[in-house]
Asks: 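Before I ask anything, let me first share the structure, which is written out below as structure tokens.
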Amino acid sequence: MAAMAENRDHIEVTGGDILRGLRGIGKDWRILAGVVPKMIPRPLTRRESVGKTFQETAAKYPDRPFLRFHGESMTYRECNAQVNRFAAFLAERGIGRGDVVAILAKNHPDVVLCMLATVKLGAIAGMINFHQRGAVLEHSLGLIDAKILLLQPGLEEAVESVPSESLPAVIVDFDDLKSQSATLSPVDPAVTDTVQAGETAYYIFTSGTTGYPKASKMSHHRWHVAMHGIGGMGVRLRPDDTMYAALPFYHNNALTVSVSAAMRAGACVAVGEQFSASGFWDDIILNKATAFCYIGELCRYLLAQPEKPTDRTHSVRVVVGNGLRPEIWDEFTTRFGIDRVAELYAASEGNIGFVNLLGIPKSAGFSPLKYAIVEFDEESGEPRRDGDGHVIPVGKHGTGLLLGEINDRAHFDGYTDPKASEKKVVGDAVKAGDRWFNTGDVVHDQGFGHIAFVDRIGDTFRWKGENVATTEVEAALDSCDLVDQSVVFGVGVPGADGKAGMAAVLLADGAPFDPDKIAEHVRETLPRYAIPLFIRIVDHLEHTSTFKNVRVDLRNQGYTDTGDDPVFVLRGTPATYEAYRAEHLDDVIASAGAKVSS
């Protein structure tokens, strides 16, 4: 393992880490040598698209497997022919350049094929979250104004939850699509060669945890940047590799990172029907996967499973994704025998990305693009300004808000809503007239151009003059054997500055709530300012479909609107948790009186 210098909260990258990483690249240098020229900025008017790249790869490697599902494979040739038939079906129904095709489906090879068919025509694939219903689904469909909806059989009730006047004029399920396109032409459509890199390929919807979802634009150019920058430089798949994707295909880690990384190498994508922590490694083995994509919560769920032989009898050598937290990094890679983690940082709508090219543990890697890490206001999420109106850098090894400069190398495609896009832009940040993308993410400068992701601004709070990362507190609570899972957030307390820490805790099966033991545990594992002052015991925790804990409702309910759930407050010396009563707020207010930096 690379040697790392560590301070109280963060891990720093050393010169030794850089040298060891360069030596560790080994035989992958040929891949990198081929990728570097592809990273040179080129005009957005160039005729380069997702569909064109796919059909060129299919022509080059026709007999290699491209998609695998439940252990059964389809070759590049077979997939390209099916994609062309689907494209012909769409063209017959008037779909052309710039039109939107909504795709509503769970994970299945047909999702990838439908996306490719759409983009081959120069149309835009609207990748709908299959969990959406009612007003939220109606809102999402309204954002993209699709002419046709391609629907997986079994999801009809989602469509039925939306007023008919809000639905696309044409709805076709996958079974009808296949049967009605079976006799159509398998030849590459001529229009594919004319699609330009700057055009939009598909829409990815944001999670919507702070309101209705927004549709972010993924251009063909950005897809190719991911293909070379993340796939070529970070993941570095080989032709005989198989990338397993169990994350939903309306998620960029699956649709952009996984598909592009495999396509760059002429490798295979194994589609996981859904994520199952208990069956994950069995499906990996069945599909002969040598790589998989992740988000941090997926890794935590795998670690929570009982150990079994399949933990190490798979063939996975590299994983790619974001959010693998430092506190579980070593445990995860050791238990499951992962040789290399290509951790990355990126956002669906963002213009900046980082990738762990050198395989340095506990790092999101570096970016060749211009960025700044700056001080920010906790409430607004906006950068703080100095007397001249400029943003304030945090300095070497500092922690702050990440901004990415918008320029010819780093375009900001934004959302379908121009007003929402403009809200993400910070102007006159370093000099007059410049424009920067506000990621909304807090990162730590590790040195040598590397960063570590800390948290979303909405997932941090400030208490006793310190920024508290919710995931840090969750990791501490979750490591207690009484706790199955926790969600942490900040709550306002009248008369106190900042937000007091509160945790919704799901106890382990059969475990009683032991206030003294949990209080002792958090005192030993957290700085004083980060210890949660309120604990709410819950019988379940909801999640979004990409495993993100939903904090917003819990935060809004605070410590008063909790129904029948018991709430405890930290009191006394030594501090322990007692059943909450309104008069206990005086103790909370008193505890906020001084900044504690220990």
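This one's a predicted model, so the numbers in the text were calculated from it and none came from an experiment.
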Asks: Report yes or no: do S367 and Y345 form a side-chain donor-acceptor pair below 3.5 Å?
Replies: no
Asks: Taking salt bridge (charged side-chain N to carboxylate O under 4.0 Å, His left out) as the test, write out the residues that go with R300, two or more places apart.
Replies: E327
Asks: How close do G433 and D428 get, counting heavy atoms only, and between which atoms?
Replies: N-OD1, 2.6 Å
Asks: Looking at every heavy atom in both V394 and G400, which two are closest together, and how far apart are they?
Replies: CG1-CA, 3.9 Å
Asks: Give a yes-or-no answer on whether the side chains of H224 and T53 include a donor-acceptor pair shorter than 3.5 Å.
Replies: yes
Asks: Working note: N356 + S363, criterion side chain to side chain donor-acceptor pair (under 3.5 Å); need CA distance, chi angles, decisive distance, verdict.
Replies: CA-CA 7 Å; N356 196 340; S363 177; 4.7 Å; no
Asks: Considering residues at least two apart in sequence or located in another chain, which fulfil the side chain to side chain donor-acceptor pair (under 3.5 Å) criterion with S479?
Replies: H521
Asks: Could you list all the salt bridge (charged side-chain N to carboxylate O under 4.0 Å, His left out) pairs where at least one residue sits in residues 336-350, not counting sequence neighbours?
Replies: none
Asks: For the side-chain hydrogen bond (donor to acceptor under 3.5 Å, both in side chains) test, which of H397, H450, E12 pairs with H444?
Replies: E12
Asks: Distance only, no hydrogens: is a donor on one side chain within 3.5 Å (strictly under) of an acceptor on the other, for Q132 and S140?
Replies: yes
Asks: If you take the centroid of each ring, where Trp contributes its six-membered ring, are F412 and F437 closer together than 6.0 Å?
Replies: yes
Asks: List in chain and number order the residues that pass salt bridge (charged side-chain N to carboxylate O under 4.0 Å, His left out) with E199, two or more places apart in sequence or in another chain; answer none if no residue qualifies.
Replies: R97
Asks: Does one side chain, of H221 or R46, offer a donor that lies under 3.5 Å from an acceptor on the other?
Replies: yes
Asks: Can you see which heavy atom on G34 is nearest to which on P37, and at what distance?
Replies: O-CD, 3.6 Å
Asks: With D441, which residues qualify under salt bridge (charged side-chain N to carboxylate O under 4.0 Å, His left out), at least two apart?
Replies: R456
Asks: Under the rule for salt bridge (charged side-chain N to carboxylate O under 4.0 Å, His left out), what residues qualify as partners of R317, not counting sequence neighbours?
Replies: D241
Asks: Here's a test for you: under ring-ring contact (aromatic ring centres under 6.0 Å, His included), which of W329, W281, F292 qualifies with F336?
Replies: W281
Asks: Quick one, F332 with V341, criterion side-chain contact (heavy atoms from CB on, under 4.5 Å). Give me CA distance, side-chain angles, the key distance, then yes/no.
Replies: CA-CA 10 Å; F332 183 79; V341 177; 5.5 Å; no
